[in-house]
Amino acid sequence: MASHYDFKNIEGKWQKEWENNNLYHTKNKDKKDNYYVLEMFPYPSGKLHMGHVRVYSIGDVIARFKRMNGLNVLHPMGWDAFGLPAENAAIKHGNIHPREWTWKNIKSMKEQMKALGLSYDWEREVATADPDYYKWTQWFFIKMFKNDLAYKKEQAVNWCPSCETVLANEQVVNNKCERCETVVDNKELEQWFLKITDYADQLLEGHQKLDWPQRVKTMQKNWIGKSKGMRIKFPIKEINSKLEVFTTRPDTIYGATYMVLAPEHPYLDQLISGKENEKRIRDFIKKIKDQKEEERTSPESNKEGIFTGSYATNPMTGEKIPILIANYVLMNYGTGAIMAVPAHDQRDFDFAKKYDLEIKAVIQPHDLERKLIGSKIKEAYSEDGYLINSDKYNNLNVKEAFEAIADDMEEKNIGNREVNYRLRDWLISRQRYWGAPIPIIYCNQCGTVPVPEEDLPVMLPDDVEFSPSGISPLAKSDQFVNAKCPKCGGMGKREIDTMDTFVDSSWYFLRYIDPDNQHLPFSKDRARDWFPVDQYIGGIEHAILHLLYARFFTKVIRDLGLTIEDEPFTKWLAQGMVLKDGEKMSKSKGNVVDPSKILDEYGADTARLFILFASPPEKDLEWSDEGVEGSNRFLNRVWRFVDEICDEIKDIQVNQGQIETNLDDESKKVYRKLHETIQKVTEDIENRLNFNTAISAVMELVNEIYHYQSTKEDDLDFEFLSYTTEKLLLLLAPFAPHLTEELWHKIGNQSSIHLDKWPEYNKKAIKRDQVTIVIQVNGKVRDRVKVDTEIPKEELKEIVFKQDKVKKYTENKEIIKTIVIPKKLVNVVVK
RNA sequence: GCCGGGGUGGCGGAAUUGGCAGACGCAUCGGACUUAAAAUCCGGUGGGAUUUUUUCCCGUAUCGGUUCGAGCCCGAUCCCCGGCACCA
């Protein structure tokens, strides 16, 4: 008899069978029993990597488990099919169109997914590069445009010189392009933005009801960066206007001794022209503007500034205070100008020391020992305290003063309460070919005109040269560019930029629920039945980008009236990375393990089992070839056991209700273990998504069965074994779908194991008559004793004190107390 | 600097509500089977001491605290990972 199962044969056979029977097709039903589990769809690079195998294995276990528990499960898959690699491949190889390249890759990746035995409903497959899909991406853009949520403006934007396109703030990491790690430049360009900032507060508040990892919510919170403060106007007499600043500390305004403008501030020209130092000042501004972004914005770099020669008036004190320019004030946050309070802000303090500006303390610590004396301050004091040198606000604490000053300023029209965000609007224009064209036509008469909804999609033209040149390749297609104005019928020009691919992926989860809808991106009824996604699974690297955008889109879609939901993903499991030798797998490090090789050597079930067993899903997983061997060994162990007895048990009709009545002691042990395992596996999947411990529980069960076999030898109870085998296979089915299906049929079943019901555990079976109680003396384990489970405390104590060990350790000592924890332990405390 | 997560055998990890630390797997050692090996099956394996089928001590990054009892709670420190950062 063979000691290893023929995984190649078995896996191929069942994959075909499942496909032929359309086993994983999802019917649309009312909301009641629906369950939507979704893994982040991949970019079709052409090959699956281990990270993919991990995320899809996790999703597949959940989908199969929920199905077996009687739910109507939606488990779809698709392709994030627009993007640069397709274009780069076309440029590099010259003779292949991005479309061809993309669809070729989709085909091979889909085959790999099928080889993994993933239970997708392929009839719902979507690809963002398909005109049937991007038509609706464009439709959403137009809806946003009409609702003032999409707008075009000129501003300094991030430019990646390698990708030759602009990037959103979210796509710039440490001043580098998120994709290619090239240092980004600044460019003044007119670009399309989506008004995500309108939803900043909702994006923050929505976190409350999300069952997401805390760290991810924190990341998004940091990214949104909400701060409450005031916008305050400082009059500048000489140019007869007012300089606005944003501050979170209006309570310190009596200590504002100077003002600082960003070198890009629009007032500068007026302020400095004609001043005796004008040339020096202009040279300084130029120098700062030429500074690299990194240098400019690093807190470690030196603060540099120059006096403009002008003064503003502190609106509360009436004092004249100098206006300076400095590198440490940024144009893209707040108003690009600050009131400087050196006594209570470390940055202002450092700058004031360097340029010898006045430092005036206006907050005094409650702790008198730390009393601040103006000229002797060594560092800024920014903690709590009470006000001094602040006229009628003296002696108020910081919080009271904030409110009082804010009220008064609002009344006198000096300033207004304002909330500021770090979050910027989402820049979606890309100067590249392989994306959804922005559906806008520019007309000399009518201006910026959206393409009418009935004319969508605006198709990508084929006759273009892809080589990036800083402007979109679409500019080179006359047939594309020239279009009639939808309003007046005159000749207009199309927008030539395409959309950021994150736009495509911000709503794909809604298309799956109604993929063939020709009239709308999806119908409201279907959304009601399926949306939101119950369980989303994907990499932590999307914590900010994709997940923030998708949440934003969902809120916009809600406001368009297409759903009533305002969060797309109720639960999110952020799965960890797959590492090799402690590092992320990458070509440059040469530590890549190719999934197809593992599939070839061990099969899909082994690959899935290992990846689920090696680590809990949210943690990083260290790849181990020996570990894969181990998982394979376990599956073979299951196979051998069933293979050996299947002829004996396949015709046995198990009497489910009666099974426990005739068990001998050995069988009873296995029977209890089986039901304990059912409980453990069910709870581990259902409540914790801890597949590693679920699998280890099944391993323990299999060990127990082997033990039973070797103890009983020729005296096996085959009806009981038949019962046990069935349950065992059901428990393992979500993890190893092919092997369990094969064995399921071998033991005499006709229909698929994956349509069967998840086993339930028998509460009576796992109840123990006797338990082992740990006996401690002064907290140290000294003995163990087996007693009846429901033994009264007093009786248990009596038994404990009769034990020799207990006598030994309590001899000649005073017993202070005895702690009894039923079913667990007894601790005798002595002195 | 601020915020969040983490640190357990040779390794991956378990301990779910403060109650037997190290489940399960890997690696390794021993036994069975074999002419032999592989595969398989059975068993040992945190460290130390010891009278070695015994008994005890130490042990969850470090130090301290709370508690009858701490891997888990509290305080301080060190280290690792992630996010944000001249954000006013």
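Protein chains get the first letters and strands the later ones, always in sequence-line order, with residue 1 at the start of each.
For A:K817 and B:C68, a side-chain-to-base donor-acceptor distance below 3.5 Å is absent, hydrogens and geometry of angles not being considered.
Side chain of A:K805, nearest nucleotide from B:C84, B:C42, B:U55: B:U55. Nearest to the side chain of A:K824, among B:G19, B:U55, B:C24, sits B:G19. Closest to the A:Q776 side chain, of the nucleotides B:G83, B:U40, B:G19, is B:G19. For A:E626, the side-chain atoms get nearest to B:A27 when compared with the rest of B:G82, B:A27, B:C86. Checked against B:G19, B:A23, B:C41, the side chain of A:I819 finds its nearest nucleotide in B:G19.
Aromatic ring centres of A:W623 and A:F610: separated by under 6.0 Å.
Within residues 332-344 of chain A, the residues having any heavy atom closer than 4.0 Å to RNA chain B are, in order of number, A:Y333, A:I338.
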Going 5' to 3' through nucleotides 2-13 of chain B, assign each nucleotide B (protein heavy atom under 4.0 Å from a base atom), S (under 4.0 Å only from sugar-phosphate atoms) or - (no protein heavy atom that close).
-SS-------BS

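For B:A49 and B:A32, the C1' atoms lie 34 Å apart once the distance is rounded to whole Å. The separation of B:U66 from B:G30, taken at their C1' atoms, amounts to 47 Å, rounded to a whole angstrom. Taking the C1' atom of each, B:U45 and B:C24 are spaced 15 Å apart, rounded to whole Å.
Remark: A:K584 does not engage A:E541 in a salt bridge, criterion side-chain N to carboxylate O under 4.0 Å.
One finds no side-chain N or O of A:R688 lying less than 4.0 angstrom from the OP1 or OP2 phosphate oxygen of B:A14.
For A:R231 and A:F246, the positive end is not near the middle of the six-membered ring at less than 6.0 Å and at most 45° from its axis.
Base orientation of B:G13: anti, since the glycosidic angle falls outside 90° of 0.
Contacts of A:T248 with the nucleic acid, taken as non-hydrogen atoms under 4.0 Å apart, involve only primed sugar atoms and P, OP1 or OP2.
In this model, a donor atom of one side chain and an acceptor atom of the other lie less than 3.5 Å apart for A:H207 and A:R551.
Relative orientation of the A:F735 and A:F691 rings is perpendicular, given thresholds of 30° and 60° on the angle between their planes.
In this structure, CD1 of A:I695 is placed 14 Å from C1' of B:A14, rounded to the nearest angstrom. Summarising the geometry, the separation between CH2 on A:W623 and P on B:G25 is reported as 19 Å, rounded to the nearest angstrom.
The only option from A:F351, A:F349, A:Y333, A:Y355 that meets the ring pair (Phe, Tyr, Trp, His ring centres under 6.0 Å) definition with A:Y328 turns out to be A:F351.
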